[in-house]
Protein chains: 2
Amino acid sequence: MLTQAAEDYLKSIYKLQEKGGKVSTGILAEFLDVKPASATGMIKKLKSMNLVIHQRYQGVTLTDAGKAVALEIIRHHRLLELYLNKALGVPWDGVHEEAEKLEHVISEDVEARMDEFLGYPTADPHGSPIPDKNGVVPEIQSIPMIDLQNGQSCVVAEVSDNDAALLRHLGSFNLYPGTAFRVIEVAPFDGPFTIDIAGQQAVIGREVAKNIFVNNVEPIDTV
Amino acid sequence: MLTQAAEDYLKSIYKLQEKGGKVSTGILAEFLDVKPASATGMIKKLKSMNLVIHQRYQGVTLTDAGKAVALEIIRHHRLLELYLNKALGVPWDGVHEEAEKLEHVISEDVEARMDEFLGYPTADPHGSPIPDKNGVVPEIQSIPMIDLQNGQSCVVAEVSDNDAALLRHLGSFNLYPGTAFRVIEVAPFDGPFTIDIAGQQAVIGREVAKNIFVNNVEPIDTV
DNA sequence: AAATTATTTTAGGCATAACTAAATTATATA
DNA sequence: TATATAATTTAGTTATGCCTAAAATAATTT
């Protein structure tokens, strides 16, 4: 059995590997809010367990075994988030923190029961894909909202889950995954987005828009 | 915030305090399956936090603050057991182990939501009382089944929760809290109990009977 | 009361996982 | 190319919480 810390490292390496390429000790340490020296220590330990590949100054990569563990933890996390939201009504800005603690202690049995209760879902409350029992991650193709232009309509696919205040902000506009909206105007000089959500107008700043990913994008309205 | 180990010690001290009087270092260590020297160390730490009172060779007692923590953990544990059983269908012989891990990480918010979902229950799947938010423990008056005599009928109030095999055994007879049964015969020379549960006969050994507590006891059948 | 037995405490270790400070290695700049 | 800067690693420390072995204390027996 792995320690909680080891699981958190593997999960973080996976996530960082997803976005950018090389996962350096420093990047990893920053992401986990520990000092680089601490990350070096854990990397050594994970390497000795054949969960990561590492060469001095060259960054870490997950082995197949390490990736399997990472995906298992991520699956726990996202199923828990959805379960807490759907079954217990925990608001979507609160599920992340709660799942962060529960993901390390939940049994496979309870997880399977939650999965069944939820009807074998493929995305968590923030739109992030839930890996299946075999570690297969459902593909979600989306583009950053920041790339949208005037007149384009779309549907929210996914939002960043690690900032509760941001989530509350988005919730106040009903900007949940699945919600459709249309860009009314992008203010000049990299200004904010004005959008229409079911008849209601909202102004979304560019920093916020970077954290929203959309799909079903319709071509520009050429009126 | 307390460590998980500290919480387990407080919970154990509370439970041992309930049955017998003085909680010695040795008894506590045996209960927690650690060496007495380890218990001494933790007792010292808990004492420094004013959670227990301790004098060398005299045993430990919980302070009001310590008792409050113990009851909170016990509340977490028992609500979780009931929730896992009722909401997710986890069999009653599995809920203890699962709750043992979850009790230390569940938030007050999620606990309150489970409590509401369950309709503010007062007993867990094994019949143990669930302390309320203020640490008030509902009274459950019961007697050990071992004290029953021929012909007496009663209702199961509570069973020991720490032996999964025992629980599966009792489950096979439908001997859950709330189940009524009648003693048909107690075999002579401290032999086993033969009982009638809804028309079905079952033989219950004396060691098992010591782990069953009953109430609503009817007087002896004087035919 | 003295000796034996049992309990409790102290002392010293180990593993985990963080830290700081210093040394090393790689990269960027002059 | 040499030097400065940045990143990474090593070395040594701290804290938690367990362990074993030995010492100290209490309780029981003779």
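Just so it is clear, the values below take in all heavy atoms, side chains as well, and ignore hydrogens, waters and symmetry mates. Proteins come first, then strands; the chains are lettered A, B, ... in the order of their sequence lines, and each starts at number 1.
Nucleotide D/dT9 holds its C1' atom 15 Å from the CD atom of A/Gln55, rounded to whole Å. Atom-to-atom, CD1 of B/Ile27 to C1' of C/dT7 comes out at 11 Å; the value is rounded to the nearest Å. Here D/dA7 presents its C1' atom at 12 Å from CD1 of A/Ile43, a figure rounded to the nearest Å. Atom NE2 of B/His104 is separated from atom C1' of D/dG17 by 14 Å (rounded to the nearest Å). Atom-to-atom, CG of A/Leu28 to C1' of D/dA7 comes out at 14 Å; the value is rounded to the nearest Å. Spacing between atom CD of B/Glu30 and atom C1' of C/dA6 amounts to 14 Å, rounded to whole angstrom units. Rounding to whole angstrom units, CD of residue A/Gln58 and P of D/dA6 are separated by 20 Å. Taking atom NZ of B/Lys44 as the reference point, atom C1' of D/dG17 lies 14 Å away to the nearest angstrom.
Under a cut-off of 6.0 angstrom, the local environment of NZ in B/Lys44 is sparse, with at most 12 non-hydrogen atoms contributed by other residues, nucleotides or ligands. Atom CD of A/Glu108 is surrounded by more than 12 heavy atoms from other residues, nucleotides or ligands within 6.0 Å. Heavy atoms from other residues, nucleotides or ligands lying under 6.0 Å from NZ of A/Lys67 number 12 at most. When the shell of 6.0 Å around NZ of B/Lys86 is examined, it contains 12 or fewer heavy atoms from other residues, nucleotides or ligands.
Taken from CG in A/Leu2 to CG in A/Leu46, the straight-line distance is 7.5 Å, to the nearest 0.5 Å. Summarising the geometry, atom NZ belonging to A/Lys11 is positioned 13.5 Å from atom CG belonging to A/Leu62; distances are rounded to the nearest 0.5 Å.
Scanning atom types as modelled, no donor and acceptor separated by under 3.5 angstrom connect the side chain of A/Tyr57 and the base of C/dT27.
Taking the six-membered ring for Trp, B/His126 and B/His96 have ring centres at least 6.0 Å apart.
Phosphate contact (OP1/OP2 of D/dT9, side-chain N/O of A/His54, threshold under 4.0 Å): present. Between B/Ser24 and the phosphate of C/dT8, there is a side-chain N or O to OP1/OP2 separation shorter than 4.0 Å. Neither OP1 nor OP2 of C/dT24 sits under 4.0 Å from any side-chain N or O of A/Arg56.
D/dT30 and C/dA1 make up a base pair, with Watson-Crick or G-U wobble contacts both under 3.5 Å.
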5' to 3', nucleotides 14-21 of chain C under a 4.0 Å protein heavy-atom cut-off (B base, S sugar-phosphate only, - none) gives --SSSBBB
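Note on A/Thr25: only backbone sugar-phosphate atoms sit closer than 4.0 angstrom, heavy atoms only; bases stay farther off.
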